Amino acid sequence: MQYDRTDARILEIVQKNNRLTSEVIGEMAGLSATACQRRLKRLRSDGIIEADVSIVSPKAVGRPLQMLVLVSLERERADIIDRFKKAIKSSTEVVNGFYVTGDADFVLYITARTMDDYEQFTRRFFYENPNIKGFKTMVIVDRVKVGFAIPIESPED
C-alpha cells in the first residue's frame, strides 16, 4: 500500500471530516476535484481508507452505559479464538473488539441501555460460552477522547 505526500494530506483532511466535498478536499490538498476523487477511490480500493463512518453518541441513542471488558479464554486454540472473534463480530452490543496480548485475550468496548441489559448480555455472551475462563468489566465514567484518527506520516520523496 503506497501513498505519497498528497495522499497523506487527503488522509489528514478526511479523518477530521469525511463529509467535505471533493472540491473542498482537493482545494485543501492542492488538487482538482477530479484528481482528488481519483485518489480517494484508490485509497479506498487499496484498503488505506477502510471505512467512512460517523461517530454516534451512545447517550443520544439510548445506550448510556459503556464498558470496557477484559476477556480471558480457557484455552488459546485457533478454533476457539476464531469462534470468539465471529461472536464479537455478530454482536450488536460489542462496538469494538480487540485480540490482545497480556493478562486478557480480548478487550471489548460494549454499550448497553441499562445495567440489567448488560447483565443479560453477560449471561448470553460469557456465561453460556464454555470457552470463557473469565471476564472483568470496567464501566466508563467519561469518554475523554473519541475518534479513529491515525497520525499520518508523510512519506519521503
Side-chain angles (χ1 to χ4, degrees), residues 1-5 7-20 25 37-156:
M1 289 188 227
Q2 296 286 324
Y3 66 94
D4 62 19
R5 286 179 189 224
D7 292 334
R9 179 68 182 128
I10 291 170
L11 292 169
E12 288 173 345
I13 294 165
V14 297
Q15 283 191 109
K16 290 180 183 140
N17 183 352
N18 71 351
R19 295 186 62 189
L20 298 174
I25 297 168
Q37 287 172 341
R38 273 195 310 271
R39 284 177 179 261
L40 282 166
K41 183 177 180 180
R42 183 181 47 76
L43 290 167
R44 288 182 178 106
S45 68
D46 287 353
I48 294 172
I49 296 177
E50 292 182 356
D52 294 290
V53 300
S54 296
I55 298 172
V56 175
S57 164
K59 290 178 185 173
V61 295
R63 300 188 68 80
L65 288 177
Q66 302 166 76
M67 286 74 63
L68 291 175
V69 182
L70 307 175
V71 182
S72 299
L73 301 177
E74 280 292 345
R75 293 168 297 288
E76 284 205 40
R77 282 192 352 225
D79 61 323
I80 293 171
I81 292 167
D82 290 344
R83 266 196 311 271
F84 193 65
K85 285 180 180 180
K86 188 181 269 189
I88 290 169
K89 290 176 184 177
S90 66
S91 170
T92 57
E93 292 91 348
V94 179
V95 178
N96 289 299
F98 305 94
Y99 180 40
V100 298
T101 62
D103 293 338
D105 297 309
F106 288 87
V107 176
L108 308 179
Y109 168 58
I110 297 172
T111 64
R113 289 187 306 262
T114 65
M115 197 52 83
D116 286 339
D117 285 346
Y118 179 63
E119 182 184 3
Q120 292 305 312
F121 169 78
T122 61
R123 288 173 186 259
R124 239 183 16 258
F125 201 76
F126 300 124
Y127 293 125
E128 292 178 6
N129 185 337
N131 295 310
I132 302 293
K133 181 179 188 178
F135 67 97
K136 293 182 182 178
T137 302
M138 296 177 285
V139 176
I140 295 172
V141 175
D142 184 23
R143 290 190 329 169
V144 177
K145 181 178 180 181
V146 178
F148 294 100
I150 305 294
I152 305 296
E153 301 279 333
S154 196
E156 299 297 321

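As the structure is a computational prediction, the values presented were derived from the model and not from experiment. Just the heavy atoms: all of them, side chains too, but no hydrogens, waters or symmetry mates, feed the values below.
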**Asked** Who are the salt bridge (Lys or Arg N to Asp or Glu O under 4.0 Å) partners of D103, not counting sequence neighbours?
**Response** none
**Complete:** Sorted by chain and residue number, the salt bridge (Lys or Arg N to Asp or Glu O under 4.0 Å) partners of R75 (sequence neighbours excluded) come out as none
In a table with atom names and distances, give each donor-acceptor pair under 3.5 Å that connects a side chain of residues 110-117 to protein atoms at least two apart or in another chain.
{"residue": "T111", "atom": "OG1", "partner": "R63", "partner atom": "NE", "Å": "2.8"}
{"residue": "R113", "atom": "NE", "partner": "D117", "partner atom": "OD2", "Å": "3.1"}
{"residue": "R113", "atom": "NH2", "partner": "D117", "partner atom": "OD2", "Å": "3.2"}
{"residue": "T114", "atom": "OG1", "partner": "D116", "partner atom": "N", "Å": "3.4"}
{"residue": "T114", "atom": "OG1", "partner": "D117", "partner atom": "N", "Å": "3.0"}

**Request:** Look up atom CE in M67 and atom CG in L108, then write down how far apart they are to the nearest 0.5 Å.
**Result:** 10.5 Å
**Prompt:** Side-chain contact, heavy-atom cut-off 4.5 Å: D46 with Y3?
**Reply:** no
**Message:** Please enumerate all residues that pass side chain to side chain donor-acceptor pair (under 3.5 Å) together with R123, with sequence neighbours excluded.
**Reply:** E119
**Prompt:** By salt bridge (Lys or Arg N to Asp or Glu O under 4.0 Å), which residues pair with D7, not counting sequence neighbours?
**Reply:** R39, R42
**Asked** Are I88 and F125 close enough, and set up right, to give a side-chain contact (heavy atoms from CB on, under 4.5 Å), and what steps lead you there?
**Response** CA-CA 9 Å; I88 290 169; F125 201 76; 4.2 Å; yes
**Prompt:** Is the backbone of I80 close enough, under 3.5 Å, to the side chain of N131 for a donor and an acceptor to pair up by distance?
**Reply:** no
Would you give me the side-chain donor-acceptor pairs under 3.5 Å for residues 132-151, sequence neighbours excluded?
{"residue": "T137", "atom": "OG1", "partner": "Y118", "partner atom": "OH", "Å": "2.6"}

**Prompt:** Heavy atoms, side chains only, cut-off 4.5 Å: are L40 and I25 in contact?
**Reply:** yes
**Complete:** ring-ring contact (aromatic ring centres under 6.0 Å, His included) filter on F106, not counting sequence neighbours, yields F84, Y99
**Prompt:** Looking at residues at least two apart in the chain, or sitting in another chain, which of them share a side-chain contact (heavy atoms from CB on, under 4.5 Å) with S57?
**Reply:** K59, A60
**Request:** Could you tell me the separation between the CZ atom of R83 and the CG atom of N129, rounded to the nearest 0.5 Å?
**Result:** 8.0 Å
**Asked** Could you give the distance from CG (D105) to CG (L70), rounded to the nearest 0.5 Å?
**Response** 10.5 Å
**Request:** Apply side chain to side chain donor-acceptor pair (under 3.5 Å) to N17 and list each qualifying residue two or more places apart in sequence or on a separate chain.
**Result:** none
**Message:** Using the side chain to side chain donor-acceptor pair (under 3.5 Å) criterion, which residues pair with Q66? Sequence neighbours excluded.
**Reply:** Y109
**Prompt:** So, D82 and K86, do they make that salt bridge, N to O below 4.0 Å?
**Reply:** no
**Fill in**
For A8 and P155 the tightest heavy-atom approach is CB-CD, 4.3 Å
**Fill in**
By salt bridge (Lys or Arg N to Asp or Glu O under 4.0 Å), E74 pairs with (sequence neighbours left out) none
**Message:** Working to the nearest 0.5 angstrom, can you tell me the gap between K89 NZ and K85 NZ?
**Reply:** 7.0 Å
**Those residues that, when tested against R38, pass side chain to side chain donor-acceptor pair (under 3.5 Å) (two or more places apart)** = none
**Item:** Pairwise distance CD(Q2) to CD1(I48) - rounded to 0.5 angstrom
**Value:** 8.0 Å
